[in-house]
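To keep things clear, I will list the structure first and then write my remarks on it.
These figures come from a predicted structure and were not determined experimentally. Values below: every heavy atom of this structure, side chains too, minus hydrogens, waters and symmetry copies. Protein chains get the first letters and strands the later ones, always in sequence-line order, with residue 1 at the start of each.
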Protein chains: 2
Amino acid sequence: MAGTGVAGMTPRRATYRHGDLRRALLDAGTTLARRAGPEAVVLREATRMAGVAPNAAYRHFADRQALLAAVSAAAMAALADAIEAELAEVKASGPKRRARARLRAVGVGYVRFARAEPGLFRTAFSVPADMATATDPAKAGATSLLTPFQLLGGTLDELVAAGAMPVARRPGAEFLAWSAVHGLAMLLIGGPLRAVDETGVAAVVDRLVGMVERGL
Amino acid sequence: MAGTGVAGMTPRRATYRHGDLRRALLDAGTTLARRAGPEAVVLREATRMAGVAPNAAYRHFADRQALLAAVSAAAMAALADAIEAELAEVKASGPKRRARARLRAVGVGYVRFARAEPGLFRTAFSVPADMATATDPAKAGATSLLTPFQLLGGTLDELVAAGAMPVARRPGAEFLAWSAVHGLAMLLIGGPLRAVDETGVAAVVDRLVGMVERGL
DNA sequence: CGATTATTGTGTACGGTGTCCACAATGGCA
DNA sequence: TGCCATTGTGGACACCGTACACAATAATCG
């Protein structure tokens, strides 16, 4: 029954086999997520974009949730890349100054990404951490091998090493810093701060980072 | 055609009119949201609970999104109530001490609610602020007339009045404090901190509040 | 090499959802 | 008392996720 080639059946694609359907579905899902967030990641639509029957997806993902988890992991990796890019820009010299600049860079990169790609950002955090795919980052197309969380932890370590932060305060500090930055990002997309413009954002981020540094 | 009473048609309900369907749907939606978050707020299921045909909902809500927005508003009001309850517990005396205790109470109430009612909490923030229903709070069954955001702003004002915070720092400070608390709540439900127990939570909250006070 | 088997994609089908339409029952008002 | 706006009903449609059986290909093994 399946496209027995009887007559006028236009095949979806030249070859029966796709080549790399898994990747194609992931890319399609990412496009959808970018456009309109996690709820827009629709299985049937993804297969349509890949030029394949709906059920083909089940050869690569257990269900819609699994696809979404994969897309989410990719989005998280994209966030990590954005942060690393911002870190790479830091030119400040002198240990303390540099460490502080790098902490700020993490915050800026984080918030910038959230504003530039709200759909991906929301998708990254739409999957509870205990269900996130544990696939290796490279598989998800990530440049960075570290999670955003780990990147933040790294800059805090630098802060301690530079003597800009008491060692005693270090354990668990990443949770506090993360809270502040993540919360700000949420307020900036869809929250009370959604109307703030680019320069306003920069100001708030600076103030927030200041608060974190002093407060930690 | 509609239940012409011809024969064995068991009517859904004694009377044709419902009485207060809007409220019934809102309650049903809230129950669903409490159970499993915003995506569980399903129109048909809500009408089923209310003992009414699916389309009856459209006499009270434009579409599913409108129902969700109303439920979201109710959830936000519940959060405000939780915070007010925590504020009411504060016994500290002396202006500064009291102001600080009240700031802490806001944070504790906020986080407690997020942990106790993750479904409602997520639902409260699932609707972008620009689409939130502007219905008056009383209509949503709220005790408090203020939003969580306004409650936080109030305690910051008290902090300034008590001389525990420089006036110059006040403008916009609620955004920073809010960021921190909201971000922490997110990490606690579904994020890296989801496994922390009650006492652990108290510790983190205290530390976070400390950071905010010092940092602001 | 050729036959067998594992993998991957297809069609069909089912229950569930949101929403549109025309119609029926009711309550309030003239 | 009779009309009419309001509120609920049933049917229909398109879309979604997913289960099942089957077909087309690639890989493997004799």
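The distance from atom CE of A:M211 to atom CG of A:D206, rounded to the nearest 0.5 Å, is 13.0 Å.
Judged by distance alone, the side chain of A:S72 and the main-chain N or O of A:T123 form a donor-acceptor pair under 3.5 Å. Side-chain N or O atoms of A:R13 include one that pairs as donor or acceptor with a backbone N or O of A:T15 at under 3.5 Å. With hydrogens and angles disregarded, no donor-acceptor distance shorter than 3.5 Å links the side chain of A:R64 to the backbone of A:L43.
With rounding to whole Å, B:L32 atom CG is found 14 Å from C:dT17 atom C1'. In this entry the distance linking CD of A:E39 with P of D:dC16 reads 14 Å, nearest Å. Distance, B:E45 CD to C:dT19 P: 16 Å, rounded to whole Å. B:L25 has its CG atom 12 Å from the P atom of C:dG18, to the nearest Å. As a whole-Å value, the separation of B:L67 CG from C:dT17 C1' is 14 Å.
Salt bridge annotation for B:R100-B:E158: absent, with no cationic side-chain nitrogen under 4.0 angstrom from a carboxylate oxygen. Salt-bridge annotation for B:E213 and B:R104: absent, with no side-chain N of the basic residue lying under 4.0 Å from a carboxylate O of the acidic one. Electrostatic pairing of B:R35 and B:E45 does not count as a salt bridge here, judged by no charged N lying under 4.0 Å from a carboxylate O.
An OP1 or OP2 oxygen of D:dT9 is reached within less than 4.0 angstrom by a side-chain nitrogen or oxygen of B:R13.
Between B:Y110 and B:F125, the ring-plane angle classifies as tilted under the 30° and 60° cut-offs.
Of the candidates C:dG9, D:dC16, C:dT19, the closest approach to any side-chain atom of B:L43 belongs to C:dT19.
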Can you check salt bridge (Lys or Arg N to Asp or Glu O under 4.0 Å) on B:R122 and B:E117, steps first, answer last? CA-CA 9 Å; B:R122 281 173 44 221; B:E117 295 286 4; over 6 Å; no
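Among the atoms of the strands shown, only primed sugar atoms or phosphate atoms (P, OP1, OP2) are found under 4.0 Å from some heavy atom of A:R64.
A:R44 contributes a side-chain N or O that forms a donor-acceptor pair with the base of D:dG17 under 3.5 Å.
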Give me the distances for all protein-to-nucleotides 26-30 of chain C N/O pairs that come in under 3.5 Å?
| from | atom 1 | to | atom 2 | distance (Å) |
| --- | --- | --- | --- | --- |
| C:dT26 | O2 | B:R17 | NH1 | 3.3 |

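If you check residues 48-63 of chain A against DNA chain C, the residues with a heavy atom closer than 4.0 Å are A:V52, A:A53, A:N55, A:A56, A:R59, A:H60, listed by number.
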